[in-house]
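Atom set for the values below is all heavy atoms of this structure, side chains included, hydrogens, waters and symmetry mates excluded. Within every chain, numbering begins at 1; the chains are lettered A, B, ... in the order of the sequence lines, protein sequences first and strands thereafter. Predicted, not measured: the structure shown is a model, and the values here were computed from it.
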There are 2 protein chains.
Amino acid sequence: MKNHWPTALDRLKKSSYKVTQARLALLKYLVKNHGPYTIEDIHVKIGCDTCDLATIYRNVEVLMNLNLLNRCEFGDGVSRYEFKNPNDHHHHLVCRTCRRIETIDACFFDSIKKHVSKLGYSDLTHQFEVFGICPKCRKKAQNSHPKT
Amino acid sequence: MKNHWPTALDRLKKSSYKVTQARLALLKYLVKNHGPYTIEDIHVKIGCDTCDLATIYRNVEVLMNLNLLNRCEFGDGVSRYEFKNPNDHHHHLVCRTCRRIETIDACFFDSIKKHVSKLGYSDLTHQFEVFGICPKCRKKAQNSHPKT
DNA sequence: TTTCGTGCAAAACCTTTGCAAAGTG
DNA sequence: CACTTTGCAAAGGTTTTGCACGAAA
């Protein structure tokens, strides 16, 4: 598995943004950990004293602009972020009950691209999430609402 | 094109929820208009005097429980809702600049379902959104940042 | 040294909730 | 009549912003 840290750091260095401690800590954490993570997750994990929450909000936007992150929306009112690894494009399967996140290593975006290209949009990105009830939560629900 | 109002109304009537003016207005609006719409959009469109914003928030949950609506997240911090028409499954292409929404009449969820079913999740739903820059916004951007 | 980034606190924003009054079946 | 729903106002939670100070190039 390729180490993406040098490439990611390089993209930050070559940008017009400055290389700061907060940005290094944020990027390093997301490159090394799979995620996706909420802003608050990240704040705790990199150490609350590393930088302020507001700084993470601001720098997540910076890294989004550099095309280094994906934003995920799971419908619970919180955004989650993960490192955009070009060799590991994937999607998510989220349990509606316990919020457990599984990875789906498949994508059908290519087959839908032609439908989209007719419309002349550029700089395409996509977001695909599957929701369901995981086996554990289903069993729990069955036990608490027995049918007989 | 089939009129979905009778079926939708019927599902509400047969549920344990009561049929109220606010629910009728909300459901009728979403059945007749394509959307997806934000809560505030809906509040204005059905008439702010029809019911309170809080009532729409509550009833959108009711209609979600009845499987009559889809919730869409476009990453701008606001949820949008649309009537879930079983004969018109589609996805969205959203301009990151002007938020214009186009419909994509294609879906390849079936082809990804087998990857998902191995994991034992039930009650699957999915959310697929494509983002890009629409032709109008791209032209505007080119004019304001000329290359020569 | 000049410009950009950060911490802190306040504000903005969307959404949820408590409660008394009104509506539904 | 019993129970649900609503309006209103307040609270909750996440994200954004202003500004003075500190850090990077």
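Of the two residues near DNA chain D, B:A54 and B:S16, the one whose nearest nucleotide lies more 5' is B:S16. The residue among A:T50 and B:Q21 whose nearest nucleotide of DNA chain C is located toward the 5' end is A:T50.
Side chain to side chain, A:T125 and B:R96 meet the donor-acceptor criterion of an N or O pair below 3.5 Å. A side-chain donor from one of A:H90 and A:E82 sits under 3.5 Å from a side-chain acceptor of the other.
Using a 4.0 Å cut-off, no side-chain N or O of B:T55 falls inside it from OP1 or OP2 of D:dT6. OP1 or OP2 of C:dT15 lies within a sub-4.0 Å distance of a side-chain N or O belonging to B:S79. Between B:T20 and D:dT6 there is a side-chain N or O to OP1 or OP2 distance below 4.0 Å. Contact annotation: A:Y57 reaches the phosphate of D:dT15 (side-chain N/O to OP1 or OP2, under 4.0 Å). Between D:dT16 and A:R58, no contact under 4.0 Å exists linking OP1 or OP2 to a side-chain N or O.
As a whole-Å value, the separation of B:E40 CD from C:dC14 C1' is 9 Å. The separation between B:Y17 atom OH and D:dT5 atom P is 8 Å, rounded to whole Å. One interatomic measurement links the two molecules: NE2 of A:H43 to P of D:dT15, which rounds to 14 Å at whole-angstrom precision. Rounded to a whole Å, the CG atom of A:D76 is 11 Å from the P atom of C:dT16. Going from atom CZ of B:R80 over to atom C1' of C:dC14 covers 12 Å, rounded to whole Å. When the P atom of D:dT6 is taken as reference, atom CG of B:N59 falls 5 Å away, rounded to whole Å. Atom CG of A:L24 and atom C1' of C:dT6 are 15 Å apart (whole Å). Spacing between atom CZ of B:R23 and atom P of D:dT4 amounts to 11 Å, rounded to whole angstrom units.
Taking the six-membered ring for Trp and the full ring otherwise, the centers of B:F109 and B:H89 sit at least 6.0 Å from each other.
The aromatic rings of B:F128 and B:H91 sit perpendicular, their planes meeting at an angle over 60°, well past the 30° parallel limit.
Set against C:dT15, D:dC8, C:dA9, the side chain of B:V78 has C:dT15 as its closest nucleotide. In this structure, the nucleotide among C:dG25, D:dT6, D:dA9 sitting nearest to the side chain of B:V19 is C:dG25. You'll find that the side chain of B:K18 is closest to C:dT24, out of C:dT24, D:dT14, D:dA9.
In this structure a side-chain-to-backbone donor-acceptor pair under 3.5 Å is missing from B:N33 to B:G35.
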